[in-house]
There are 2 protein chains.
Amino acid sequence: MDINKYKSHDRILVAVDCIIFGFDGQQLKALLIKRGFEPERGKWSLMGGFVSKDESTDEAAARVLHQLTGMHNIYMEQLHCFSHVNRDTAGRVISVAYFALINIADYSEQLQLEHEARWFPLNKTPELVFDHGDMVALAKERLRQKVSNHPIGFELLPEKFTLPSLQNLYEAIYEEPLDKRNFTRKILSLGILNKLDEKEKETSRKGAFYYIFDKGKYSKLHQEGVKFI
Amino acid sequence: MDINKYKSHDRILVAVDCIIFGFDGQQLKALLIKRGFEPERGKWSLMGGFVSKDESTDEAAARVLHQLTGMHNIYMEQLHCFSHVNRDTAGRVISVAYFALINIADYSEQLQLEHEARWFPLNKTPELVFDHGDMVALAKERLRQKVSNHPIGFELLPEKFTLPSLQNLYEAIYEEPLDKRNFTRKILSLGILNKLDEKEKETSRKGAFYYIFDKGKYSKLHQEGVKFI
DNA sequence: CCAAAAGTGTTAGTCCTACACCCATGT
DNA sequence: ACATGGGTGTAGGACTAACACTTTTGG
């Protein structure tokens with residue numbers, strides 16, 4: 001390594017910030033934390049961290065996600081690099097935003113307390129520090145777009161889920177109601193779901209059948225993409 | 001500004017690299033330069049530059065594009081942040097890649113010589129330094145995706161263009177032939193083109209009518225997006 | 001027996017795709 | 001007159017969108 005070649009150039013602090021989406025069966029939510037350090041201590045913020053010189057931004061984002069959730073192998077995607085000169089009031093920091101999808105039920109209450117984290121419905125997010133509000137808005141848009149061509153919605157659900165809950169998820173993402181019959185037909189026609197014999201009976205008297213997805217076909221569509229919903 | 005708050009963290013060199021697309025009427029091309037400095041001097045590379053502490057990455061990319069082309073207000077979009085620890089052999093550099101669309105005819109021969117730049121057909125690009133090959137591949141994919149929902153293809157064409165040349169462009173981007181009648185019908189149905197009385201007679205005896213696009217409707221679709229081709 | 005959510009088909013309209021011939025012109 | 005690329009319409013199939021009633025079961 002010969003960093004001397006570049007030594008006349010500015011070196012800049014680089015951070016990652018994570019928009020963590022979750023779904024509680026009804027609403028799409030984002031996990032936010034109360035900032036524990038200056039500047040802007042005590043304000044709501046995305047979970048983030050600085051990128052060290054021996055890790056990539058992907059690695060930094062995975063590290064930050066692990067810190068906050070205790071989970072590994074979280075579905076995560078780079079969103080955008082935010083770099084306006086004065087975006088951070090305490091100095092020049094470039095931030096690479098990532099969005100992540102987790103099953104809200106897997107998220108540890110324990111860590112939630114430690115980090116003073118809270119799930120906010122996406123239409124009721126508090127004011128956020130810096131440009132984090134822009135990040136959330138962009139992530140929402142990107143999720144909508146992504147979900148229409150790739151079956152990543154399942155990342156937000158538990159292993160076993162019902163068709164009505166899957167439909168609720170899509171309605172929450174698109175922020176518009178979908179037709180139950182059309183939805184069911186389209187999803188099932190993709191052939192990535194396996195019906196179980198078991199019913200979920202919490203939310204209705206009749207009960208709704210559980211489904212799981214077929215790993216093989218799922219991951220194929222995952223890569224290739226299809227017109228989804 | 002109180003940078004002290006963050007002083008214990010690593011500061012990193014940040015660069016931008018630009019994938020500059022052009023279209024010569026037949027082929028989709030990328031503008032590449034012979035690297036004029038170490039490391040990897042003399043190898044083919046994307047045009048890039050370091051981000052200084054008082055500019056955003058967008059500003060840096062626009063600056064770099066201007067340096068190479070002499071043009072202002074180039075259509076440009078952030079692609080992805082590339083950050084693998086060893087991506088640059090001479091030190092830790094994070095690079096934010098941008099793709100840009102220009103009308104190849106506007107590009108100054110003069111600057112081409114100064115920078116030892118050359119247009120390469122996209123399927124015949126030479127080996128590139130570092131991860132620039134990945135950047136080009138990703139940009140190609142992103143262009144294809146973007147162009148299917150947004151009328152940005154026109155950025156690659158001169159003000160007056162013919163329907164056959166527009167079709168050639170789309171065929172070059174998608175790397176597959178399109179049906180002439182279906183293409184014409186779909187494009188014209190968007191109502192963003194105005195037919196001129198004038199014909200282009202270089203490429204055929206009969207001559208093809210020139211079109212220009214209707215700024216108003218064009219920019220509306222530009223923002224909103226539509227199913228395009 | 002009633003309330004509440006689950007499950008299930010059909011039809012009309014729209015959009016997409018495939019396909020072939022005549023036209024205008026320069027040589 | 002002919003070679004070259006430009007311009008134009010139609011029909012079948014696929015997909016989408018709109019729509020309402022029956023089933024199950026806990027209380």
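Keep in mind it's a predicted model, so treat the numbers as computed, not measured. Just so it is clear, the values below take in all heavy atoms, side chains as well, and ignore hydrogens, waters and symmetry mates. Here is how names work: the chains are called A, B, and so on, in the same order as the sequence lines, proteins then strands, and each is numbered from 1.
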Separation of atom NZ in A/K195 from atom C1' in C/dA6, rounded to whole Å: 10 Å
Minimum-distance nucleotide (side-chain atoms of B/R205 versus D/dT4, D/dT10, D/dC19): D/dT4
Between D/dG5 (P) and B/F209 (CZ): distance, integer Å: 18 Å
5' precedence on DNA chain D between A/R181 and A/S204 (nearest-nucleotide basis): A/R181
Salt bridge present between A/E175 and A/K140 (N-O < 4.0 angstrom): yes
Sugar-phosphate, base or nothing in reach of A/K201, heavy atoms under 4.0 Å: sugar-phosphate
Interatomic distance, B/F183 CZ vs D/dG6 P [rounded to whole Å]: 12 Å
Between D/dG6 (C1') and B/Y211 (OH): distance, integer Å: 10 Å
Of B/K199 and B/K227, the one whose closest DNA chain C nucleotide lies more 5': B/K227
Between D/dG7 (C1') and B/N182 (CG): distance, integer Å: 14 Å
Atom-pair distance (CG on B/D179; C1' on D/dG7), nearest Å: 12 Å
Nearest-nucleotide 5' precedence on DNA chain C, A/A208 against A/R185: A/A208
Aromatic contact, A/Y218 with A/F154 (centres under 6.0 Å): yes
Whole angstrom value for the distance that separates P of C/dT8 from NZ of A/K186: 18 Å
Side chains of B/P126 and B/F120 in contact at under 4.5 Å (non-hydrogen atoms): yes
Sugar-phosphate, base or nothing in reach of B/T162, heavy atoms under 4.0 Å: nothing
Close aromatic pair by centroid cut-off 6.0 Å: B/H150 and B/H222: no
Polar side-chain contact B/K206-D/dT4 base: donor and acceptor under 3.5 Å: no
Rounded distance (Å) that lies between atom C1' of D/dG6 and atom CD of B/E200: 11 Å
Between B/H84 and B/F82, ring centroids under 6.0 Å: no
